[in-house]
Amino acid sequence: MGRSGGVGGPDLVDHGPVDHGPVDLKLVDHGLVDLELVDHHCHGLVRRDLTRPEFESMLTEADRPGPPGTTLFDSQIGLALRRWCAPALDLPPHADPETYLERRAELGHAEVHRRLLGASGISTFCVDAGFQPEPLTGAEDLAGFAGGRGLDVVRLERIAERAAVDVLTGQIGVTHLADTVRARLAERTPSTVAVKSVAAYRAGLALPARRPTDREVAAATRTWINEIRGGAAIRLHDPVLHSFLIWCGVEARLPVQIHVGYGDADLDLARGNPLLLTGLLRAIAPTEVAVLLLHCYPFHREAAYLAQVFANVHLDLGLAINNTGRGSIGLIAQALELAPFGKFLFSTDAYALGELFLLGATLFRRGLAAFLADGVDDDAWTAADAARIARLVCADNARRVYALS
């Protein structure tokens, strides 16, 4: 089966003729279908075959299965999966769930990953390996399924939590946690292109704007360590420490990714509004270090505003693209109402399933094509403008932000 190629090379799916519909015809008309994609934020793939309940659980942010008699295939993402992923497994579009899962099991997880990622047209994967409830592929192995390049995104909280273990075991003192975090970030591998914060999950985004002093970090660390010794989980939740970690990324001159909005049931969505970051973004702005707001839904318009008013702020739509399915066409248009085209990036936020990479790529291409083609039809911009904007959004913005060759 087909593999992704270089610039201008990959097809969406090369497993026989597929009726892409009017949106894709516009895409072809404006020369956008063959653009490679840089996935600037994603996760690894499972290393095993899955049961149906396990598979469906990875199509949702919910932490429990739905009521008896319901299925995730009866959702935007489920219908999109049957439409766009089935041909990559040599099935007709809209194959029923039972047939799809039988074919998936017949091929095995590795071949399924190879086909789906190879059909995605994604050439570069920036991988956050900080969340692994089970063993997942790393950046290099993941990218290998697509014949592409894998790069690393370091999760800041993992560095801090490992340093906390060193405090608990007596290897370092409480006052040394800050220096330990900085030192370990400085020891990052050459493949590291960014850091990521999940403060939205832990403390919310109303974080201290100014950089915390080492004395404030030590005091917050002491409180955190005492809580752990009292039986609490080793899970960073202090807003001072989350702000400190973001500033560590800034001082290391690494792009800082910040989870915003939509996530699983562990998230208090009201505290994930990116407008809560305004003070911190204002303080970071003079450094000119790039800040990437990830996923953003339902706050994508707020994130677009921040991307417009702060020169170093960018955004994507991530997993919201997959989960809104056909509705992602409107979602992309809403994000681009205000966001400068040079500040909008592609990501899948795919986790565990190869399907999420192909869906993210396909739905993103369709939505972006519809937005750009409508503008050409309305004489809002030229076809040449549309092609140039598509190149920016699909890959060139990520190349600039992450200094990719």
Side-chain angles (χ1 to χ4, degrees), residues 1-4 13 15 37-65 72-73 77-78 81 84-86 88-91 97-155 157-158 161-162 189 191-194 196 198 263-264 266 318-319 322-323 347-362:
M1 312 310 291
R3 307 282 290 179
S4 63
V13 174
H15 306 287
L37 294 167
V38 173
D39 189 345
H40 90 108
H41 184 82
C42 59
H43 304 269
L45 294 162
V46 291
R47 299 176 179 269
R48 60 186 177 89
D49 295 331
L50 302 169
T51 65
R52 177 167 180 162
E54 289 173 329
F55 181 82
E56 290 203 35
S57 74
M58 294 173 183
L59 294 178
T60 176
E61 293 299 298
D63 58 2
R64 295 170 183 262
L72 259 295
F73 282 100
I77 190 171
L81 185 152
W84 299 111
C85 296
L89 306 189
D90 299 326
L91 296 172
E98 291 74 19
T99 299
Y100 183 88
L101 292 172
E102 286 172 5
R103 177 59 173 162
R104 199 179 196 280
E106 177 186 343
L107 291 171
H109 68 279
E111 176 64 10
V112 169
H113 293 336
R114 189 187 72 79
R115 291 186 178 214
L116 295 170
L117 269 71
S120 72
I122 302 172
S123 65
T124 303
F125 302 80
C126 301
V127 182
D128 167 19
F131 177 65
Q132 294 216 13
E134 67 170 274
L136 302 176
T137 56
E140 184 177 354
D141 288 343
L142 185 153
F145 287 112
R149 172 170 58 164
L151 301 168
D152 294 306
V153 176
V154 173
R155 187 173 291 206
E157 288 77 11
R158 285 289 296 274
E161 288 163 358
R162 286 169 177 165
T189 65
S191 63
T192 299
V193 294
K196 178 191 176 183
V198 291
D264 62 34
D266 193 34
L319 76 168
N322 281 338
N323 282 275
S347 85
T348 61
D349 192 39
Y351 168 83
L353 301 179
E355 283 84 354
L356 300 181
F357 287 95
L358 179 55
L359 276 184
T362 303

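- Pairs passing the side chain to side chain donor-acceptor pair (under 3.5 Å) check and including a residue from residues 143-155, sequence neighbours excluded, read D128-R155, D152-S191.
- With sequence neighbours excluded, no residue forms a side chain to side chain donor-acceptor pair (under 3.5 Å) with R47.
- Using a 4.5 Å heavy-atom threshold, the side chains of L136 and L45 count as separate.
- By the side chain to side chain contact (heavy atoms under 4.5 Å, CB included) test, E61 pairs with Y201, Y262, D264, L319, sequence neighbours left out.
- Scored by the ring pair (Phe, Tyr, Trp, His ring centres under 6.0 Å) test, H43 finds H41 as partners (sequence neighbours excluded).
- Not counting sequence neighbours, S57 has no partner by the side chain to side chain contact (heavy atoms under 4.5 Å, CB included) test.
- With contacts defined as side-chain heavy-atom distances shorter than 4.5 Å, the pair F145/L116 does not qualify.
- Listed by first and then second residue, the salt bridge (Lys or Arg N to Asp or Glu O under 4.0 Å) pairs that reach into residues 48-60 are R48-E54, R48-E134, R52-E56, R52-E98, sequence neighbours excluded.
- The ring pair (Phe, Tyr, Trp, His ring centres under 6.0 Å) test applied to Y351 returns F131, not counting sequence neighbours.
- Applying the side chain to side chain donor-acceptor pair (under 3.5 Å) criterion to T60, with sequence neighbours excluded, gives no partner residue.
- Residues forming a side chain to side chain contact (heavy atoms under 4.5 Å, CB included) with A194 (at least two apart in sequence, or on another chain): V153, P255, Q257, Y402.
- Applying the salt bridge (charged side-chain N to carboxylate O under 4.0 Å, His left out) criterion to D266, with sequence neighbours excluded, gives R235.
- Side chains of L81 and L359 form a contact here, defined as non-hydrogen atoms less than 4.5 Å apart.
- Residues satisfying the side chain to side chain donor-acceptor pair (under 3.5 Å) criterion with R103, sequence neighbours excluded, are D90, E106.
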